[in-house]
Student: 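Pasting a structure here, questions to come.
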Number of protein chains: 2
Amino acid sequence: MTSLSDAIHSGALRGNVLASACPSRDILKHVTSRWGVLVLIALQGGTKRFAELRRMVGGVSDRMLAQTLQTLEEDGFVRRHDHGEVPPRVDYTLTPMGEEVAEHVRALADWIEGNLPRILKPENSRAETA
Amino acid sequence: MTSLSDAIHSGALRGNVLASACPSRDILKHVTSRWGVLVLIALQGGTKRFAELRRMVGGVSDRMLAQTLQTLEEDGFVRRHDHGEVPPRVDYTLTPMGEEVAEHVRALADWIEGNLPRILKPENSRAETA
DNA sequence: CAGTATCCGAAACGATACTG
DNA sequence: CAGTATCGTTTCGGATACTG
């Protein structure tokens with residue numbers, strides 16, 4: 001058959017993420033970072049303000065939230081809108097591109113959530129915490 | 001309409017990944033870790049030996065490869081088979097569950113690779129390295 | 001409210017050396 | 001070949017204090 005999907009799945013036409021030099025690794029790193037994942041998912045609900053995100057994403061600090069948002073903005077996944085008011089009012093939205101990655105990230109997270117029982121079944125001695 | 005998909009997409013029925021206590025976060029961490037992602041993708045090509053993986057996954061060290069494989073094995077995503085020969089011969093395969101996560105992980109990585117031009121377009125001053 | 005600056009401990013990671 | 005042990009570095013990330 002030697003179809004395209006065969007080739008892709010066999011790895012023949014797979015991109016070069018596996019190669020060290022690939023710039024995809026940087027983007028991947030941002031998107032799969034601890035807070036990156038959660039912020040992208042949180043923003044799928046629509047535009048959110050800083051404090052809203054901080055409340056949604058459990059455990060995130062101001063510092064990390066700001067940093068994560070900046071990185072995602074630089075990558076073009078998030079648009080920041082400062083209303084220039086006092087007190088400050090800033091909100092964050094996924095760009096069209098951001099919606100696309102977020103969709104993939106969410107699919108992954110959803111799969112994990114949905115299969116947690118299967119994963120956590122003590123078929124193996126899962127003793128670790130991290 | 002208030003359909004299920006509406007509810008899901010709006011976040012109403014989204015799981016609790018966003019909550020700090022959610023155990024999904026640990027699994028997510030393993031799967032989206034720097035080397036976890038790449039190992040899962042590499043193993044999609046079929047069963048691989050340790051040295052093969054080390055060659056495929058550019059830049060990975062023995063230490064990190066071993067560690068990553070152990071974590072993925074504990075999570076039930078990878079099955080390790082030691083042939084008990086001398087010299088040692090050990091190979092790694094995705095479990096059915098592993099194939100499922102790997103599919104999502106690969107979809108994400110593929111999207112990034114495929115959209116790199118769009119992402120890297122210097123609409124914004126991307127000056128950073130990491 | 002929406003951040004930034006600074007400090008510091010914890011965790012990830014790489015290099016090297018060693019083993020069955 | 002397939003790892004482990006140890007060490008040192010670098011990065012991550014939390015706490016606290018401060019600002020427009």
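Quantities reported herein were computed from a predicted structural model and do not represent experimental measurements. Basis for what follows: all heavy atoms, side chains included, without hydrogens, waters or symmetry-related copies. Quick note on labels: first sequence line is chain A, next is B, and so on, each numbered from 1.
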Student: Got a sec, which pairs hit ring pair (Phe, Tyr, Trp, His ring centres under 6.0 Å) with one end in residues 43-81 of chain B, sequence neighbours left out?
Tutor: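 Residue pairs passing ring pair (Phe, Tyr, Trp, His ring centres under 6.0 Å), neighbours aside: B:H81-B:H83.
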Student: Both distances under 3.5 Å, Watson-Crick or G-U wobble: on that basis, could you give the dot-bracket string for DNA chain D, with [ ] for crossing pairs and | for other-strand partners?
Tutor: ||||||||||||||||||||
Student: A:E100: which residues meet the side-chain hydrogen bond (donor to acceptor under 3.5 Å, both in side chains) condition with it, sequence neighbours left out?
Tutor: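 Partners of A:E100 under the side-chain hydrogen bond (donor to acceptor under 3.5 Å, both in side chains) test: B:W111, B:R118.
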Student: Look at B:R49 and D:dA2 and indicate whether a side-chain polar atom (N or O) is within less than 4.0 Å of OP1 or OP2.
Tutor: yes
Student: C:dC1 C1' sits how many Å from A:L65 CG, rounded?
Tutor: 13 Å
Student: Mind checking what makes side-chain hydrogen bond (donor to acceptor under 3.5 Å, both in side chains) contact with B:S61, not counting sequence neighbours?
Tutor: none
Student: Report the residues that fulfil side chain to side chain contact (heavy atoms under 4.5 Å, CB included) with A:S24, sequence neighbours left out, ordered by chain and then residue number.
Tutor: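 Applying side chain to side chain contact (heavy atoms under 4.5 Å, CB included) to A:S24 gives A:V17, A:C22, B:I112, B:E113, B:L116.
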Student: Whole Å only: how far is the CG atom of B:D82 from the P atom of D:dT4?
Tutor: 11 Å
Student: In chain order, what residues pass the side chain to side chain contact (heavy atoms under 4.5 Å, CB included) check against B:R79, with sequence neighbours excluded?
Tutor: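 Counting only residues at least two positions away or on another chain, B:R79 forms a side chain to side chain contact (heavy atoms under 4.5 Å, CB included) with B:T95.
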Student: Can you check the B:M56 CE to D:dA2 P distance for me, whole Å?
Tutor: 14 Å
Student: What is the distance from CG of A:L53 to P of C:dA2, rounded to the nearest Å?
Tutor: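 Checked: the CG to P distance equals 9 Å.
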Student: Distance check: side-chain N/O of A:R80 vs OP1/OP2 of C:dG3, anything under 4.0 Å?
Tutor: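 Yes, such a contact exists.
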Student: Can you build the contact string for nucleotides 13-20 of chain D? Use B for base contact, S for sugar-phosphate-only contact, and - for no protein heavy atom under 4.0 Å.
Tutor: BBB----B
Student: Send over the distance from A:H30 NE2 to D:dC12 P, rounded to a whole Å.
Tutor: 9 Å
Student: Do B:T32 and A:R34 pass the side-chain contact (heavy atoms from CB on, under 4.5 Å) test, and can you show the C-alpha distance, the side-chain angles, and the key distance before you say yes or no?
Tutor: CA-CA 9 Å; B:T32 63; A:R34 177 167 183 194; over 6 Å; no
Student: Who passes salt bridge (Lys or Arg N to Asp or Glu O under 4.0 Å) against B:D62, sequence neighbours left out?
Tutor: B:R54
Student: Sequence neighbours excluded, which residues qualify as side-chain hydrogen bond (donor to acceptor under 3.5 Å, both in side chains) partners of B:T93?
Tutor: B:T47
Student: Pick base, sugar-phosphate or nothing for B:E52, based on heavy-atom distances below 4.0 Å to the nucleic acid.
Tutor: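 Here B:E52 touches no strand at all.
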Student: Do the side-chain N and O atoms of B:Q44 and B:E99 include a donor-acceptor pair separated by under 3.5 angstrom?
Tutor: no
Student: Grab the CD-C1' distance between B:Q70 and D:dA2 for me, whole Å please.
Tutor: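 It is 11 Å, rounded to the nearest whole Å.
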Student: Could you state the CG-C1' distance from B:D91 to D:dG3, rounded to the nearest angstrom?
Tutor: 15 Å
